[in-house]
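Take a look at the structure below.
Convention: sequence-line order gives letters A, B, ...; per-chain numbering from 1.
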2 protein chains.
Amino acid sequence: MTRPPVTLDDLDRKIVAALIANARTSFAEIGAAIGLSAPAVKRRVDRMREAGVITGFTATVLPNALGWRTEAYVEVYCDSAAPPRRLAEVVRDYPEIIAAMTVTGGADALLHIRATDIEHFERVLERIRAEPFIRKTVSQIVLSHLIANSPEAGASPGTPADTQ
Amino acid sequence: MTRPPVTLDDLDRKIVAALIANARTSFAEIGAAIGLSAPAVKRRVDRMREAGVITGFTATVLPNALGWRTEAYVEVYCDSAAPPRRLAEVVRDYPEIIAAMTVTGGADALLHIRATDIEHFERVLERIRAEPFIRKTVSQIVLSHLIANSPEAGASPGTPADTQ
DNA sequence: ATTGAAAGACCGACCAA
DNA sequence: TTGGTCGGTCTTTCAAT
């Protein structure tokens with residue numbers, strides 16, 4: 001999975017910025033903005049996808065609108081014997097966990113979780129706490145977002161119907 | 001900014017799922033998959049954008065590849081007099097803050113921050129700590145992600161060149 | 001929601017610097 | 001190697017049904 005070192009020039013960065021702003025912008029339009037032809041833009045995009053710089057194109061949605069009304073960050077404290085590897089396997093089994101990472105500080109890992117409601121969140125949390133090597137969890141439930149169009153405010157695990 | 005209540009039917013949810021999976025999927029292809037014509041799909045997408053269910057289409061990139069090599073979550077403790085409103089204004093001035101929310105628990109808010117490196121992060125943190133109503137901060141620096149293709153693993157504040 | 005037609009986007013092949 | 005041009009094909013988009 002390790003890829004060759006990628007060097008992006010200024011044109012590449014402008015193309016990426018344009019696609020982050022609107023992933024459906026046509027290559028011709030991007031090209032017009034930076035002084036390149038549409039096929040030239042496409043070649044650069046293909047190269048960056050190949051290199052793994054661009055990993056995909058997605059729609060951002062309001063999770064609320066899809067029924068994900070509860071969001072939380074959960075600090076996880078593990079038994080000292082448990083390797084991060086083990087945690088990674090567990091975490092993948094929960095569609096409600098939309099991000100998980102190891103962190104500095106007292107906790108071993110931080111989970112970003114979306115659930116349909118508090119009841120759903122409680123069920124997920126209970127399942128997580130029942131995992132053998134997890135010692136304790138500390139939850140911070142999100143009350144409100146302070147940035148409207150943060151990229152990750154639109155992150156959602158799919159549709160509730162798919163995962164419940 | 002308050003919008004009319006939106007009701008999504010099953011077709012709408014399938015369209016959204018398809019666009020989350022790949023925002024550049026053609027309407028014709030989505031239509032073929034769910035038994036609708038391309039114009040019918042387009043009108044539903046337009047309606048959902050209008051209603052604010054779909055907020056945009058973006059490219060997901062590896063922040064590392066763009067030079068964002070340091071990521072952290074920072075708990076913020078405020079003076080009890082400071083309203084969340086005030087915090088929202090401040091937070092918008094930092095391009096490095098890619099998400100900010102009020103949370104339950106001891107902290108008043110949680111910030112999700114990306115910086116180019118530790119030095120950059122330290123500068124950002126010092127500026128934040130210098131804000132008048134902030135009493136203390138607790139940082140958790142992200143060591144490694146446990147989920148490969150988490151939607152928000154690709155969230156990045158732009159290009160370092162734009163913001164530094 | 002579908003059809004049909006015009007405008008536009010995509011994508012490969014080929015050529016020039 | 002990187003960009004430009006060209007042509008065939010698919011997609012988008014708007015009207016009318």
Rounded to the Å, how far apart are [X] [atom1] and [N] [atom2]?
| X | N | atom1 | atom2 | result |
| --- | --- | --- | --- | --- |
| B:I30 | D:dT11 | CD1 | P | 11 Å |
| A:I34 | D:dG4 | CD1 | C1' | 14 Å |
| A:F27 | D:dT12 | CZ | P | 13 Å |
| B:E29 | D:dT12 | CD | C1' | 14 Å |

I'd like to know if [X] pairs up with [Y] as an ion pair, taking the criterion as any Lys NZ or Arg NE/NH1/NH2 lying under 4.0 Å from an Asp or Glu carboxylate oxygen.
| X | Y | answer |
| --- | --- | --- |
| B:R44 | B:D9 | yes |
| B:R92 | B:E89 | no |
| B:E71 | B:R114 | yes |

With sequence neighbours excluded, residues passing side chain to side chain contact (heavy atoms under 4.5 Å, CB included) with A:L8: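 Expected list: A:V6, A:D12, A:R13, A:M48, A:V53, B:L66.
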Measuring from atom [atom1] of [X] to atom [atom2] of [Y], what distance do you get when rounded to the nearest 0.5 angstrom?
| X | Y | atom1 | atom2 | answer |
| --- | --- | --- | --- | --- |
| B:M101 | A:I141 | CE | CD1 | 13.5 Å |
| B:I97 | A:L146 | CD1 | CG | 9.5 Å |
| A:R127 | A:I134 | CZ | CD1 | 11.5 Å |

B:D108 side-chain N/O to B:C78 backbone N/O, donor-acceptor pair under 3.5 Å: yes
Side-chain donor/acceptor of B:S139 to backbone N/O of B:V74, under 3.5 Å: no
Student check: side-chain heavy atoms of A:I34 and A:I15 closer than 4.5 Å: yes
Pair B:Y73 + A:Y73: ring centers closer than 6.0 Å: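 Yes.
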For DNA chain D, the residues among residues 38-45 of chain A that have a non-hydrogen atom under 4.0 Å from it: A:P39, A:A40, A:R43, A:R44
Contacting residues from residues 18-26 of chain B, given that a heavy atom lies under 4.0 angstrom of DNA chain D: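 Heavy-atom contacts with DNA chain D come from B:S26.
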Summary of side chain to side chain donor-acceptor pair (under 3.5 Å) pairs that have at least one residue in residues 21-43 of chain B, sequence neighbours excluded: B:K42-B:D46
Inter-axis angle, terminal five-pair segments of the helix from C:dA1-D:dT17 to C:dA17-D:dT1 [nearest 10°]: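 Comparing the first five pairs with the last five, the axes sit 30° apart.
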Verdict with reasoning, B:V45 to B:F57, per side chain to side chain contact (heavy atoms under 4.5 Å, CB included): CA-CA 12 Å; B:V45 171; B:F57 302 100; 4.3 Å; yes
Where chain A begins and ends its contact with DNA chain C, read 5' to 3' at 4.0 Å from heavy atoms: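 Listed 5' to 3', the contact boundaries are C:dA9 to C:dG12.
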